[in-house]
Amino acid sequence: MTPWSTDMQRRISYSLLRIAACLAIVLLHTVESARLLYLGDADVGLQFASKSVVACLMWAVPVFLMVTGALLLDGSKKTSIAKVWKKYIPRVAGALLLFCYGFRVFDYFMDHEQGGFLRGVLWGGLRNALTEGSWAHLWYLYVLLGLYMLMPFFQKVAQHSTDSQLRYLLGILFLFLSLLPILEQFGYSCPISIQVATIYPFYLFLGYAIHNRILRLNRLSSALLLVLPIAVILPAVKYGWEIGYSAFPVVLQSAGVFGLLDTVQNPASEGGWGIRLLNSFDRCSFGIYLIHMMGLRLVLRYAGWNPYQTAVPVLSFAGLWLATALASWVCIWAVRKVPGLKKIL
């Protein structure tokens with residue numbers, strides 16, 4: 001049996017999307033972590049370049065969500081309330097507890113905290129999990145928990161709506177959650193709001209719509225959606241405007257990345273080493289997202305390595321990014337060998 005034993009074209013496109021998103025997130029956090037720690041050691045040009053790289057990679061988390069939507073909103077996979085609470089939520093909640101406690105132990109020893117270990121770690125880890133008090137990038141797990149709780153209803157919307165109704169839904173959400181909020185940058189606000197919506201369900205439906213050709217994107221249009229928003233992102237960074245997940249350039253870039261990789265054709269060889277490595281990285285991508293910040297903290301904060309003060313900062317950042325991704329992959333590959341952790345990671 002090959003790694004792509006069923007529906008291979010869909011599997012490889014999803015894997016490529018998850019891998020691209022994972023690598024983009026590691027690079028984003030590499031640059032942003034260094035920028036926050038060594039803000040005064042970079043000249044104006046490097047500061048602008050760093051902020052621009054971060055802003056141009058904001059599509060990474062949305063693409064993860066779009067893959068989730070393409071998979072779980074599909075009517076062939078019944079997402080019942082029981083399945084959500086027996087399969088998806090325990091996995092995310094387990095990962096949340098595991099890493100909240102893992103990071104609490106890490107902080108306790110690395111920061112040489114005073115006080116009892118049991119109280120500082122056992123209670124501290126649980127408190128952090130319940131109050132979102134752990135490392136910042138774990139916010140994604142809380143978003144996943146909320147989305148999974150509503151996934152059976154999202155699936156019904158997707159399956160019982162016509163193509164035109166889904167396009168209408170995407171249009172309304174895009175207008176009110178992405179375009180109209182731009183007015184706030186100029187001191188205005190739209191009095192009409194979608195009271196039960198955040199941008200994250202939008203990405204679920206966007207991934208589903210693109211994958212099922214409800215929104216048709218060819219390679220050219222996808223490439224343009226990825227590249228053209230940079231012309232908006234760079235001036236926004238220069239003037240200090242916020243580029244968040246709901247910003248319309250991020251929405252367009254996310255659609256572009258998804259459209260480009262979702263149509264990747266089957267590999268010529270089904271069992272080569274390249275496919276096995278691809279499959280391995282894909283399976284570890286969730287864990288890589290969770291653990292990679294530990295490596296960045298060790299190098300940037302505790303070892304005090306400043307890439308801005310190296311001879312060629314671009315190469316230093318690239319090296320740290322690749323080394324962090326590779327080390328995180330190896331760690332998660334090994335951790336997944338532990339009984340019980342494979343289901344979580």
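The basis for the numbers below is simple: all heavy atoms, side chains too, and nothing from hydrogens, waters or symmetry mates.
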Beyond-backbone contact of Gln253 with Ile233, side-chain heavy atoms, under 4.5 angstrom: yes

query: Any sub-3.5 Å donor-acceptor pair from Thr131's side-chain atoms to Arg127's backbone N or O?
result: yes

message: Given 3.5 Å as the limit, does a donor-acceptor pair link the side chain of Thr310 with the main chain of Ser316, or not?
response: no

query: Quick check: does any side chain N or O of Asp111 sit under 3.5 Å from a backbone N or O of Glu113, one acting as donor and the other as acceptor?
result: no

message: Taking the side chain as everything from C-beta on, heavy atoms only, tell me whether Ser285 gets closer than 4.5 Å to Ile19.
response: no

task: State whether a side-chain donor-acceptor pair under 3.5 Å links Trp329 with Ser280.
output: yes

query: Under the 3.5 angstrom rule, does the side chain of Tyr142 hit a backbone N or O of Leu96 as a donor-acceptor pair?
result: no

message: Could you tell me if the side chain of Val157 sits less than 4.5 Å from the side chain of Phe205, heavy atoms only?
response: yes

- line: Here the ring-ring contact (aromatic ring centres under 6.0 Å, His included) pairs for residues 15-54, sequence neighbours left out, are His29-His292

Phe248 ring center near Phe174 ring center (under 6.0 Å): no

message: Check whether Trp85 reaches the backbone of Pro90 with its side chain - one donor and one acceptor, N or O, closer than 3.5 Å.
response: no

Side-chain H-bond candidate by donor/acceptor type, Tyr308 with Ser50, under 3.5 Å: yes

- request: Verify, without hydrogens or angle tests, whether Arg213 (side chain) and His211 (backbone) share a donor-acceptor contact under 3.5 angstrom.
  value: yes

message: Measuring centre to centre across the rings, with the benzene-like ring taken for any Trp, is Trp139 within less than 6.0 Å of Tyr245?
response: yes

- request: Decide yes or no on side-chain contact (heavy atoms from CB on, under 4.5 Å) for Thr79 and Leu73, but give the supporting numbers first.
  value: CA-CA 8 Å; Thr79 308; Leu73 297 183; over 6 Å; no

- prompt: Would one find more than 12 heavy atoms of other residues, nucleotides or ligands at under 6.0 Å from atom OH of Tyr302?
  reply: yes

task: Taking the side chain as every heavy atom from C-beta outward, state whether Val335 and Ile291 have any atom pair closer than 4.5 Å.
output: no

task: Tell me, with the steps shown, if Phe202 and Leu206 meet side-chain contact (heavy atoms from CB on, under 4.5 Å).
output: CA-CA 6 Å; Phe202 167 83; Leu206 183 61; 3.8 Å; yes

query: Can a salt bridge be assigned to the pair Arg297 and Asp107 using a cut-off of 4.0 Å between side-chain N and carboxylate O?
result: yes

query: Do Asp163 and Arg216 meet the salt-bridge criterion of a basic N to acidic O distance under 4.0 Å?
result: no

query: Just checking, any donor-acceptor pair under 3.5 angstrom between side chains of Gln159 and Tyr208?
result: yes

- request: Using atom types as modelled and distance alone, determine if a side-chain donor or acceptor of Gln47 lies under 3.5 Å from a backbone N or O of Leu39.
  value: yes

task: State, with a plain yes or no, whether a side-chain heavy atom of Ser246 is found less than 4.5 Å away from one of Val251.
output: no

- prompt: What are the two closest heavy atoms between Val63 and Ser254, and how far apart are they?
  reply: CG2-O, 4.0 Å

- prompt: Between His137 and Phe103, is the ring centre distance below 6.0 Å?
  reply: yes

message: Can you confirm whether Trp333 is buried at CH2, in the sense that more than 12 heavy atoms of other residues, nucleotides or ligands lie under 6.0 Å from that atom?
response: no

message: Could you walk me through whether Phe99 and Trp135 satisfy the side-chain contact (heavy atoms from CB on, under 4.5 Å) test, starting with their C-alpha distance in whole Å, then the side-chain angles of each, then the deciding distance to 0.1 Å, before giving a yes or no?
response: CA-CA 9 Å; Phe99 280 89; Trp135 294 11; over 6 Å; no

- prompt: Does some side-chain heavy atom of Arg104 sit less than 4.5 Å from a side-chain heavy atom of Asn128?
  reply: yes

Verdict with reasoning, Tyr203 to Trp59, per ring-ring contact (aromatic ring centres under 6.0 Å, His included): CA-CA 10 Å; Tyr203 283 117; Trp59 51 264; over 10 Å; no

message: Determine whether Leu298 and Met110 satisfy the following criterion, side-chain contact (heavy atoms from CB on, under 4.5 Å), listing intermediate values before the conclusion.
response: CA-CA 9 Å; Leu298 284 171; Met110 296 303 298; 3.9 Å; yes

- prompt: So if you build clusters from Ile, Leu, Val, Met, Phe, Trp, Tyr with side-chain heavy-atom gaps below 4.5 Å, do Leu220 and Phe258 land together?
  reply: no

Side-chain donor or acceptor of Ser221 paired with backbone N/O of Asn218 under 3.5 Å: yes

task: Please examine the side chains of Trp321 and Leu23, heavy atoms only from C-beta on, and report whether any two atoms are closer than 4.5 Å.
output: yes

message: Between Gln155 and Leu72 (side chain of the first, backbone of the second, donor and acceptor by atom type, cut-off under 3.5 Å), is there such a pair?
response: yes

